[in-house]
6 protein chains.
Amino acid sequence: MTSAVPPVEDGAASAEVKAVFDDIRKTRDTDYIGIFWRVLANDPASLRRTWEGVKQVMAPGALDPLVKEMIYLAISISNGCDYCSHSHGAAAKAKGMTREMFAELMAIVAMANQTNKLADGYRVPVDEKFQNLF
Amino acid sequence: MTSAVPPVEDGAASAEVKAVFDDIRKTRDTDYIGIFWRVLANDPASLRRTWEGVKQVMAPGALDPLVKEMIYLAISISNGCDYCSHSHGAAAKAKGMTREMFAELMAIVAMANQTNKLADGYRVPVDEKFQNLF
Amino acid sequence: MTSAVPPVEDGAASAEVKAVFDDIRKTRDTDYIGIFWRVLANDPASLRRTWEGVKQVMAPGALDPLVKEMIYLAISISNGCDYCSHSHGAAAKAKGMTREMFAELMAIVAMANQTNKLADGYRVPVDEKFQNLF
Amino acid sequence: MTSAVPPVEDGAASAEVKAVFDDIRKTRDTDYIGIFWRVLANDPASLRRTWEGVKQVMAPGALDPLVKEMIYLAISISNGCDYCSHSHGAAAKAKGMTREMFAELMAIVAMANQTNKLADGYRVPVDEKFQNLF
Amino acid sequence: MTSAVPPVEDGAASAEVKAVFDDIRKTRDTDYIGIFWRVLANDPASLRRTWEGVKQVMAPGALDPLVKEMIYLAISISNGCDYCSHSHGAAAKAKGMTREMFAELMAIVAMANQTNKLADGYRVPVDEKFQNLF
Amino acid sequence: MTSAVPPVEDGAASAEVKAVFDDIRKTRDTDYIGIFWRVLANDPASLRRTWEGVKQVMAPGALDPLVKEMIYLAISISNGCDYCSHSHGAAAKAKGMTREMFAELMAIVAMANQTNKLADGYRVPVDEKFQNLF
């Protein structure tokens with residue numbers, strides 16, 4: 001598979017792109033830059049906006065990083081995004097996701113997709129007691 | 001909104017349906033049966049199969065119940081299932097999901113949907129190092 | 001709910017729109033024109049193209065009309081299209097879909113959505129023997 | 001493509017997995033076990049639950065097995081599940097789906113996806129007469 | 001419909017939220033703040049990140065603002081997002097989208113959804129000459 | 001990848017198929033027939049209906065051909081249709097889409113998918129002023 005625009009190698013990175021690559025390396029404590037970021041680097045504004053968004057959203061908060069990564073992975077799988085399922089699968093494993101956790105995540109993704117369709121198809125009205133969340 | 005088939009009230013439940021309703025009540029320690037189950041009860045085999053599946057998948061395991069519920073909620077939101085977003089939102093809150101956790105979940109669902117499309121649209125090839133999961 | 005453009009009533013229909021409405025009435029042996037067609041009538045070319053497409057695709061062929069209608073309904077439910085689930089649900093019932101058939105259709109839609117995600121998420125490679133269809 | 005977890009070969013199957021494989025072989029009157037089931041076998045509870053669900057849902061009922069298989073195939077295609085489109089395409093063909101039937105199925109899937117978006121985008125309100133199904 | 005968290009009114013807005021609201025008002029030259037932004041304001045970091053992203057992406061560039069708005073609207077319709085179809089429909093109209101343009105946009109969204117499924121379902125391999133984009 | 005039915009080569013085309021192929025060649029001023037059309041040619045009625053629909057929808061109108069092509073491309077990417085993203089990417093480039101335009105299109109597709117989920121997940125009610133479109 002060939003990407004729609006070629007990945008930006010380090011030697012060809014502008015100062016703006018290089019700054020983002022450096023921040024990825026520092027934040028993730030690795031020298032490796034995923035192809036996703038290198039392809040996105042053809043549009044430096046999108047690279048910066050997307051990286052800063054992901055960095056902010058995935059930082060530790062009320063949810064711990066592994067839980068966050070597993071939610072990201074679950075959505076990527078449910079959406080059928082092959083690249084993201086691979087990259088976030090690897091990230092979740094690096095953060096501690098075991099085979100057992102992955103099997104449970106998969107079972108939930110599958111079950112949710114099943115009951116989502118049952119609720120839609122049977123046109124189930126929302127229960128009065130579920131109307132308000134917060 | 002009217003459901004595609006009318007909900008089965010307790011008085012009209014067959015023995016097979018009643019057994020499932022009783023198990024829902026016991027398992028969830030509540031007297032309340034959601035409209036989803038009452039509508040599904042028109043097809044007792046589907047009611048039993050779906051309930052036993054949900055019960056098995058959502059039982060404590062390698063992942064704790066709140067994490068499981070939040071993954072279920074995240075998928076339901078991403079799929080645009082109104083009923084399931086309401087019912088699993090309520091369930092997650094009952095298991096301890098705070099406003100802050102919900103805001104973080106929402107941010108991840110949204111960000112994943114964004115980067116899923118970037119990876120797809122830019123046709124990013126999977127990195128060699130992400131090829132194998134387990 | 002208000003449609004994005006107002007439905008075209010019979011009195012306001014141009015000759016081109018009237019011809020399509022007449023063909024719908026004749027083909028379906030009913031005087032009733034669904035709101036979908038009346039709204040689409042604001043763009044007569046789309047009205048004609050869509051109606052002639054639906055008429056051609058849903059005509060008896062290798063598959064009988066009820067099977068065709070149930071496949072249409074199944075897709076509409078799986079896609080979460082509320083209007084189409086209602087209109088094709090009514091059409092399938094008019095062609096003979098019983099409660100039992102509907103329950104089986106729903107169970108298949110739900111199960112397919114479940115196993116679709118399992119196959120995607122587990123990245124199952126296609127079996128050699130399933131490679132070719134015809 | 002490498003599956004997320006390796007397929008379970010017969011020699012490595014636990015008693016629980018072997019029992020499901022045997023039931024697949026007996027039910028489908030074939031010695032062949034699809035890779036989907038072998039991958040899912042890494043999580044024996046999911047294997048059993050999913051197999052028993054599929055077996056129950058796809059058994060002859062109010063709808064005949066070929067119609068059921070074609071609905072399953074239609075959903076898998078509409079969802080873009082490559083594996084399932086291949087496996088259920090093969091299954092439908094084995095049950096009697098001809099090229100002509102497949103072409104008609106494809107035309108319906110495509111047309112439904114088209115009109116689903118027209119109804120959504122034009123915000124067509126549901127006709128009073130389509131409100132109730134059963 | 002009740003939002004999952006209550007909208008933040010001007011009087012209850014923190015300094016961080018107020019700054020974003022002010023920027024929305026100034027950028028769009030209107031006093032009106034959509035409910036979307038008021039609900040998102042419960043999570044000020046998400047409000048700021050999302051607003052700044054939208055502002056950056058929708059600014060005039062190689063594509064003119066109306067074209068950008070129509071692409072945004074087309075995606076929102078195709079995804080079945082009711083709120084976004086309404087808000088971006090209104091925005092596109094304000095930027096000059098006529099009824100004729102909207103009808104053409106709708107026809108393309110519908111046609112694309114149709115041919116997307118035909119290409120997927122018939123498993124059409126990508127033509128050699130379409131492999132590379134840039 | 002092997003298509004579900006084999007592509008129809010010129011020598012094997014029936015008169016009906018040949019007429020459509022000729023019209024594609026004339027309309028697009030090229031001798032090349034995409035594999036999509038050759039595969040669809042196994043069902044001549046679908047070939048004709050789909051080609052005439054695409055031809056009609058993509059003809060110059062209130063929107064110019066490049067804008068139409070970019071909307072088609074945006075939907076194809078958002079739907080994850082690999083074939084259509086390639087063929088409509090090539091078509092858009094041939095009509096004048098630059099790298100900068102493509103990057104902006106990608107950013108909008110991604111942002112729309114993000115905010116679509118935020119609006120759905122936060123259950124944002126439609127603003128009174130956005131209710132009516134035309």
Side-chain angles (χ1 to χ4, degrees), chain C residues 1-5 32 34-36 39-40 46 50 53-54 57-58 61-63 67-68 70-72 74-76 78-79 81-84 86-87 89-90 93 98-102 104-105 107-109 111-116 118-127 129-131 133-134, chain D residues 1-5 32 34-36 39-40 46 50 53-54 57-58 61-63 67-68 70-72 74-76 78-79 81-84 86-87 89-90 93 98-102 104-105 107-109 111-116 118-127 129-131 133-134:
Chain C
M1 194 162 84
T2 312
S3 52
V5 290
Y32 189 76
I35 306 179
F36 174 79
V39 169
L40 205 52
S46 281
T50 306
V54 168
V57 167
M58 300 305 278
L63 298 176
V67 169
K68 289 190 162 190
M70 289 183 74
I71 293 174
Y72 212 121
I75 298 295
S76 300
S78 188
N79 284 346
C81 179
D82 193 50
Y83 183 85
C84 307
H86 278 83
S87 61
K93 192 182 169 194
T98 61
R99 275 191 183 217
E100 288 68 30
M101 290 176 182
F102 177 66
E104 293 187 10
L105 177 153
I108 298 167
V109 170
M111 187 59 72
N113 272 281
Q114 181 177 50
T115 59
N116 284 184
L118 288 172
D120 277 358
Y122 275 115
R123 310 170 193 172
V124 185
V126 176
D127 302 67
K129 67 182 297 190
F130 299 154
Q131 289 289 355
L133 185 53
F134 289 108
Chain D
M1 194 162 83
T2 311
S3 52
V5 290
Y32 189 76
I35 306 180
F36 174 80
V39 169
L40 205 54
S46 281
T50 307
V54 169
V57 166
M58 300 305 279
L63 299 175
V67 170
K68 288 189 163 191
M70 289 183 73
I71 294 173
Y72 212 121
I75 299 294
S76 299
S78 188
N79 283 346
C81 179
D82 193 50
Y83 183 87
C84 306
H86 279 83
S87 62
K93 192 182 169 195
T98 63
R99 274 191 185 219
E100 288 67 30
M101 289 175 181
F102 178 66
E104 294 186 10
L105 176 154
I108 299 167
V109 170
M111 188 59 72
N113 272 280
Q114 182 177 50
T115 57
N116 285 183
L118 289 172
D120 277 358
Y122 276 114
R123 310 168 192 172
V124 185
V126 176
D127 303 67
K129 67 182 296 192
F130 300 154
Q131 288 290 354
L133 185 53
F134 290 109

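Chain A is the first sequence line, chain B the second, and so forth, proteins listed ahead of strands; every chain is numbered from 1. Scope of the values below: all heavy atoms of this structure, side chains included, with no hydrogens, waters or symmetry mates.
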Max heavy-atom pair count under 4.5 Å with chain D, selected residue of C:Thr98, C:Leu40, C:Asn79: C:Asn79
Minimum heavy-atom distance C:Ile71-D:Ala74, with the two atoms named: CG2-CB, 3.8 Å
Derivation and outcome, side-chain contact (heavy atoms from CB on, under 4.5 Å), residues C:Met58 and D:Ile108: CA-CA 7 Å; C:Met58 300 305 278; D:Ile108 299 167; 4.2 Å; yes
Shortest non-hydrogen contact between C:Ala4 and D:Gly121, atoms and distance: CB-O, 4.0 Å
Interatomic distance, C:Tyr72 atom OH to D:Asn113 atom CG [nearest 0.5 angstrom]: 9.0 Å
Non-hydrogen atoms of C:Asn116 and D:Ser76 that approach each other most closely: ND2-OG, 3.2 Å
Trace of the side-chain contact (heavy atoms from CB on, under 4.5 Å) decision for D:Asp127 with C:Ser87: CA-CA 8 Å; D:Asp127 303 67; C:Ser87 61; 5.6 Å; no
Chain D contact via C:Val126 - which portion, at a heavy-atom distance below 4.5 Å: both
Under the side-chain contact (heavy atoms from CB on, under 4.5 Å) test, residues paired with D:Ala119 that sit two or more places apart: C:Phe36, C:Cys81, C:Tyr83, C:Cys84
Option that, when pairs with chain D are counted at under 4.5 Å, heavy atom only, ranks first among C:Leu63, C:Thr50, C:Leu118: C:Leu63
Straight-line distance of D:Ile75 CD1 to C:Gln114 CD, nearest 0.5 Å: 14.0 Å
Value rounded to 0.5 Å, distance of OH in D:Tyr122 from CD1 in C:Ile35: 15.5 Å
Least distance between heavy atoms, C:Ala62 atom then D:Glu100 atom: CB-CB, 3.9 Å
Residues D:Met111, C:Val54; criterion side-chain contact (heavy atoms from CB on, under 4.5 Å); working and verdict: CA-CA 7 Å; D:Met111 188 59 72; C:Val54 168; 3.9 Å; yes
Contact origin within D:Val67 toward chain C - heavy atom pairs under 4.5 Å: side chain
Chain D contact via C:Lys68 - which portion, at a heavy-atom distance below 4.5 Å: both
D:Ser46 versus chain C, the contacting section by heavy-atom distance below 4.5 Å: neither
Least distance between heavy atoms, C:Ala90 atom then D:Leu133 atom: N-CD1, 4.1 Å
